[in-house]
Structures are given as C-alpha cells and as structure tokens.
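To start, the structure under review is shown below, and the notes come after it.
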Amino acid sequence: MGAKFELCIRPLDLGQTLGCGQTFRWSQRPNGTWSGPLLDNCLVLTMKGGTLHAKAVPGNRDVKNDLRIHLRAQDDVSKIQKVLAEDKVIAKGLRSMRGLRIVKIDEWEALASFVLATYANIPRIVKMINAISREYGREIVGDVFSFPTRAELSEASVHNLAKLGLGYRAKYLHELCRAVDEDELRHLKKLGYEELREELKELPGVGDKVADCVSLFGFGKLEAFPIDVWMERALSRLYGQKGSYAKLREFAASSFGPYAGYAQEYIYLNERAYASAGACRFTSGR
DNA sequence: GCCCAGGAGTGTG
DNA sequence: CACACTCATGGG
C-alpha cells in the first residue's frame with residue numbers, strides 16, 4: 001500500500017509554497033518534510049537535490065498528476081518573476097521567495113476554506129478546517145482526514161458547525177452548502193475571471209476578497225489579486241495606493257496584469273515579514 | 001485583559 | 001459611491 005514518485009518542478013520551495021497561507025492543510029514535520037491530505041491521498045513531500053520526492057498513502061488514482069496540478073507545474077515561474085521584477089518593490093522582496101509557487105486547490109475546498117478564513121488569523125483558520133475535516137470528512141490514514149465534500153458537509157447543522165469554533169461563519173458555511181451544487185461548480189469552471197468573480201460574489205459569505213482568493217487558488221485565475229488587511233497596508237506603504245477595493249484592484253490589474261496573483265503573494269509575504277521584523281525590534285528594545 | 005484577524009452583510013448619508 | 005456598524009471567537 002502506498003506509492004512513491006518524483007517530480008521535477010522548478011523553482012520550488014516547499015515551505016514558501018505550502019506554509020505561506022494560500023493553503024491551510026499542509027504541515028511541516030521536524031525533519032523538514034511536509035505532509036498533508038491532497039484530495040483522497042495523504043502525501044509526504046521532501047526535496048532532495050532540487051527534485052521533489054513524494055510518498056502517497058494509499059496511492060489512489062493518479063496522485064502524481066494531482067500533485068502536479070496542485071503545484072501548478074505548468075507555470076513558468078522564472079519567467080513570471082522576471083516580468084514582475086520590472087516593479088522595483090517586487091524585485092527587492094522577490095529575492096527571498098524564489099521558490100514560491102501559487103497552488104491550485106480543489107474548487108469546493110477553496111470556496112469553503114476562504115469563507116471560513118474571513119476575519120480570522122491563520123492558526124485559527126487551520127484549526128477550523130481541521131475540525132470540519134475530522135468531523136465530516138473521511139479518514140485517509142490515521143488521524144489525517146480529507147476535506148469534506150459539499151455533500152458530506154451539507155449534513156452538518158449550523159449548531160454543530162458553531163460548536164467546532166467557526167463562530168458566525170457557521171451560518172455562511174451552512175448556507176454555502178445549499179447555494180452550491182455540482183452543476184454550479186461545473187458551470188463556474190467554464191467562466192473567465194471577471195464573470196467568475198461576479199458569480200462567486202452572489203454566494204453567501206463571499207465578497208470581493210474571498211471571490212478573488214477563490215478565483216486565484218481554487219479556479220487558477222492568475223490575474224486575481226486578493227486584497228485583505230495586510231495587502232491594504234502594503235499597497236499604502238509601498239505604493240501610496242489607498243481607497244476602495246475596486247480602486248486598488250484596478251491599480252493591481254494595470255500594474256501586474258496576468259500575473260497579479262503572484263505579485264499579490266510577493267507583496268503580501270513582504271508585508272508580513274516587515275510587520276514581524278518591526279514587532280521583533282519593538283520587543284527586543286526592552 | 002487587550003488587540004487583532006487573508007471580511008461580509010446590512011443599513012445609512 | 002462612501003462610510004459605519006455588527007457579527008462570534010480564538011490566537012498572540
């Protein structure tokens with residue numbers, strides 16, 4: 001039982017890619033490997049000499065291709081970085097993030113995950129997602145659970161979801177299960193970015209920011225540019241850009257075009273690093 | 001204890 | 001269009 005395989009995807013840094021808050025289900029082990037559920041397999045990933053080595057349990061279906069899709073092996077990340085580095089702000093921050101890749105998450109998982117992600121910090125988001133997976137998903141191997149399907153999750157009552165620590169998000173998630181079905185997801189996959197985000201925004205718990213996260217990470221729209229509180233601060237601090245979501249979104253589209261999603265990730269991580277460096281200075285000043 | 005969190009929904013000016 | 005307010009709760 002289980003499967004082993006290798007993939008040559010470059011550039012790739014597992015920590016930068018899986019631990020940066022675009023996906024919530026991977027965790028780093030003490031020995032530097034990364035593990036987590038991907039659809040109906042549990043994977044353990046490690047880098048050896050620039051090559052990705054993977055172990056999959058139980059090794060269902062075409063897990064190798066699932067991982068290739070998840071890590072967006074088709075992206076020419078070096079070229080994207082080269083284009084985006086024309087922006088001096090990004091060029092500077094980029095140096096420490098060469099191995100970051102945008103991931104492609106299952107559409108339903110992305111939708112449900114980012115509805116839960118509203119107004120919560122990342123450790124809490126991870127906790128909520130683990131809780132609903134444990135309660136309503138299927139056990140893949142010991143203590144690793146798949147993300148619950150829409151059908152599985154629609155069995156949950158608002159009350160039981162709230163008990164898992166979702167707060168007011170319990171109601172959104174419950175309504176989302178009823179507002180979306182497989183036909184709707186199939187329909188959404190056919191849409192271009194602008195149409196997609198407008199239709200996503202019709203769903204309960206989905207506003208501008210969640211629609212962009214789901215477009216980017218769930219539907220693979222690299223031109224999407226999610227703007228959360230961190231991005232607002234970064235755009236103000238680094239570019240002097242302030243104003244409504246629509247205005248900031250327009251700035252991003254004109255500045256970063258088809259690779260706005262990658263630009264967003266570089267700027268977002270840059271801002272978080274800046275904040276934690278500032279906090280460190282502050283606390284160490286005694 | 002306090003502040004904040006990868007915001008959205010609703011109502012008002 | 002822009003704001004203001006509320007929502008429920010855990011993490012740092």
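Per chain, numbering begins at 1; letters A, B, ... match sequence-line order.
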With a 4.0 Å cut-off on heavy atoms, is [X] in touch with a base, just the backbone sugar-phosphate, or nothing at all?
X	value
A:P226	base
A:Y268	base
A:G21	base
A:E265	base

Margin query: For A:L203 and A:A120, find the nucleotide of DNA chain B closest to each by heavy atoms; which residue's nucleotide sits nearer the 5' end?
Written below: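 Here A:A120 is the residue nearer the 5' end.
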Check: Between A:W230 and A:V206, which is nearer to the 5' end of DNA chain B once each is assigned its nearest nucleotide?
Finding: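 Residue closer to the 5' terminus by nearest nucleotide: A:W230.
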Taking the side chain of [X] as heavy atoms from C-beta outward, which of [options] is closest to it?
X	options	result
A:V229	B:dG9, C:dG12, B:dA5	B:dA5
A:R233	B:dA5, B:dG7, C:dG12	B:dA5
A:R124	C:dG10, C:dC7, B:dA8	C:dG10

Can you tell me the distance, in whole Å, between the [atom1] atom of [X] and the [atom2] atom of [N]?
X	N	atom1	atom2	result
A:R272	C:dG12	CZ	C1'	12 Å
A:N121	B:dG7	CG	P	10 Å
A:Y172	C:dT9	OH	P	14 Å
A:E202	B:dA8	CD	P	14 Å
A:I125	C:dT9	CD1	C1'	13 Å
A:E232	C:dA2	CD	P	12 Å
A:K209	B:dA5	NZ	P	12 Å
A:L176	B:dG7	CG	P	17 Å

Checklist line | Pi-cation contact, A:Y274 with A:R237 (under 6.0 Å, within 45°) | finding: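 Yes, a cation-pi geometry holds between A:R237 and A:Y274.
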Which pair of heavy atoms, one from [X] and one from [Y], lies closest together, and at what distance?
X	Y	result
A:G93	A:M97	O-CE, 3.2 Å
A:L12	A:L52	CD2-CD2, 4.0 Å
A:G59	A:N41	N-OD1, 2.8 Å

Check: Is any side-chain N or O of A:Y168 under 3.5 Å from a base N or O of B:dG7, one able to act as donor and the other as acceptor?
Finding: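 Flag set: donor-acceptor pair detected.
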Check: If you measure from the P atom in C:dG12 to the same atom in B:dG7, how many Å do you get, rounded?
Finding: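 My reading of the P atoms in C:dG12 and B:dG7 gives 16 Å.
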Notebook entry, point to check: With rounding to whole Å, what would you report as the distance between B:dG11 and C:dA8 at their P atoms?
Noted result: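 After rounding to an integer number of Å, I get 16 Å for this pair.
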Notebook entry, point to check: Rounded to the nearest 0.5 Å, how far apart are NZ of A:K55 and OG1 of A:T33?
Noted result: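 Output value for this atom pair is 8.0 Å.
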Check: So, is A:S244 near the phosphate of C:dA2, with a side-chain N or O under 4.0 Å from OP1 or OP2?
Finding: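 The answer is yes; a side-chain N or O of A:S244 sits under 4.0 Å from OP1 or OP2.
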Checklist line | C:dG11 phosphate, OP1 or OP2, under 4.0 Å from A:K127 side-chain N/O | finding: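 Result: yes.
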Check: Which residues satisfy the side-chain contact (heavy atoms from CB on, under 4.5 Å) test with A:C177, sequence neighbours excluded?
Finding: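 A:W108, A:L153, A:S154.
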